[in-house]
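Scope of the values below: all heavy atoms of this structure, side chains included, with no hydrogens, waters or symmetry mates. Computed from a prediction, not measured in an experiment: that's the story for all the values here. Residue numbers run from 1 in the order of the sequence given.
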Amino acid sequence: QVQLVESGGGPVQTGGSLRLSCVASGRTFSHHAMGWLRQAPGKEREVVAAIDWGGGSTAYTDSVKGRFTISRDNAKNTVYLQMNRLKPEDTAVYYCAVDDMPFRGAHLGTYHTWGQGTQVTVSS
């Protein structure tokens, strides 16, 4: 059983920045790839960023490349999402998620376990 708790969301103006954090417990955090997902109203949940178990490789969906940076601190069981140059279309609930299988690379595929989410609202 794993617990994921996200924080750091909130309102921000277009062009602004936010840093999301996710603290994990209940599983060997450092053995699993992690992802950040988001779900906007009326849209499907999508994976926007991922990082491998060791933190050595990352992956991003095209719409956030060059603006978002995922990182992790295995000593703190924490994964981060630094979001810069935010746009109104980034408005969504953001979830962190843990890969089902250990020791896999960063991937934008399916995740089955995520936290309660944190709302990000970007105003124009």
- Message: In the structure I gave you, are the side-chain heavy atoms of Tyr80 and Arg19 within less than 4.5 Å of one another anywhere?
- Response: yes
- At their closest point, which heavy atom of Arg72 faces which heavy atom of Ser30, and how far apart are they? NH2-CA, 4.0 Å
- Message: With heavy-atom distances below 4.5 Å as the criterion, would you say the side chains of Leu81 and Thr69 are in contact?
- Response: no
- Item | Partners meeting side-chain contact (heavy atoms from CB on, under 4.5 Å) with Val120 (sequence neighbours left out) | Leu18, Leu20, Met83, Tyr94, Val122
- Item | Within-4.5 Å side-chain heavy-atom neighbours: Thr14 and Ser123 | no
- Query: Would a 4.5 Å heavy-atom cut-off, applied to side chains only, mark Asn74 and Phe29 as touching?
  - Reply: yes
- Query: Roughly how far, to the nearest 0.5 Å, is the OG atom of Ser21 from the NZ atom of Lys76?
  - Reply: 9.5 Å
- Query: Do other residues, nucleotides or ligands put more than 12 heavy atoms under 6.0 Å from the CD atom of Gln13?
  - Reply: no
- Task: Calculate, to the nearest 0.5 Å, the distance between atoms OG and NZ belonging to Ser63 and Lys87 respectively.
- Result: 8.0 Å
- Note on the structure: Between Tyr95 and Glu6, the two heavy atoms sitting closest are CA-OE2, 3.3 Å
- Item | Validation row: Asp90, Arg67 side chains within 4.5 angstrom (heavy atoms) | yes
- Nearest heavy-atom contact between Ala40 and Ala92 is N-CB, 3.8 Å
- Common cluster, Val79/Phe68, ILVMFWY with side-chain heavy-atom separation under 4.5 Å: yes
- If you measure only the distance, is there a donor-acceptor pair under 3.5 Å linking the side chains of Gln3 and Ser25? yes
- Task: For residues Glu46 and Gln39, determine if any side-chain heavy atom of one lies less than 4.5 Å from a side-chain heavy atom of the other.
- Result: no
- Please answer: with hydrophobic residues joined when any side-chain heavy atoms are less than 4.5 Å apart, are Tyr111 and Leu108 in the same cluster? yes
- Interatomic distance, Ile70 atom CD1 to Trp36 atom CH2 [nearest 0.5 angstrom]: 8.0 Å
Return all side-chain donor-acceptor pairs below 3.5 angstrom for residues 96-106, not counting sequence neighbours, or 'none' if the list is empty.
{"unit_1": "Asp99", "atom_1": "OD1", "unit_2": "Arg104", "atom_2": "NH2", "d": "2.6"}
{"unit_1": "Asp99", "atom_1": "OD1", "unit_2": "His107", "atom_2": "NE2", "d": "3.2"}
{"unit_1": "Asp99", "atom_1": "OD2", "unit_2": "Arg104", "atom_2": "NE", "d": "2.9"}
{"unit_1": "Asp99", "atom_1": "OD2", "unit_2": "Arg104", "atom_2": "NH2", "d": "3.4"}
{"unit_1": "Asp99", "atom_1": "OD2", "unit_2": "His107", "atom_2": "NE2", "d": "3.2"}
{"unit_1": "Asp100", "atom_1": "OD2", "unit_2": "His112", "atom_2": "ND1", "d": "2.5"}

- Message: Would you compute the distance between atom CD of Glu44 and atom CZ of Arg38 and round it to the nearest 0.5 angstrom?
- Response: 14.0 Å
- Task: Would you check if Tyr60 and Val48 make a side-chain contact, meaning some heavy-atom pair closer than 4.5 Å?
- Result: no
- Mind running side-chain contact (heavy atoms from CB on, under 4.5 Å) on Thr118 and Ser7 for me, showing each step along the way? CA-CA 6 Å; Thr118 185; Ser7 62; 5.7 Å; no
- Query: Excluding sequence neighbours, so at least two apart, what forms salt bridge (Lys or Arg N to Asp or Glu O under 4.0 Å) with Arg45?
  - Reply: none
- Query: Under 4.5 Å between any side-chain heavy atoms of Trp53 and Met34, yes or no?
  - Reply: no
- Query: Do Asp73 and Thr78 meet the criterion of a side-chain donor-acceptor pair at a distance under 3.5 Å?
  - Reply: no
- Task: Tell me, please, which residues at least two apart from Thr121 pass side-chain contact (heavy atoms from CB on, under 4.5 Å).
- Result: Thr91, Gln119
- Apply salt bridge (Lys or Arg N to Asp or Glu O under 4.0 Å) to Lys65 and list each qualifying residue two or more places apart in sequence or on a separate chain. Asp62
- Item | Residues that Asp52 engages under salt bridge (Lys or Arg N to Asp or Glu O under 4.0 Å), provided they are two or more places apart | none
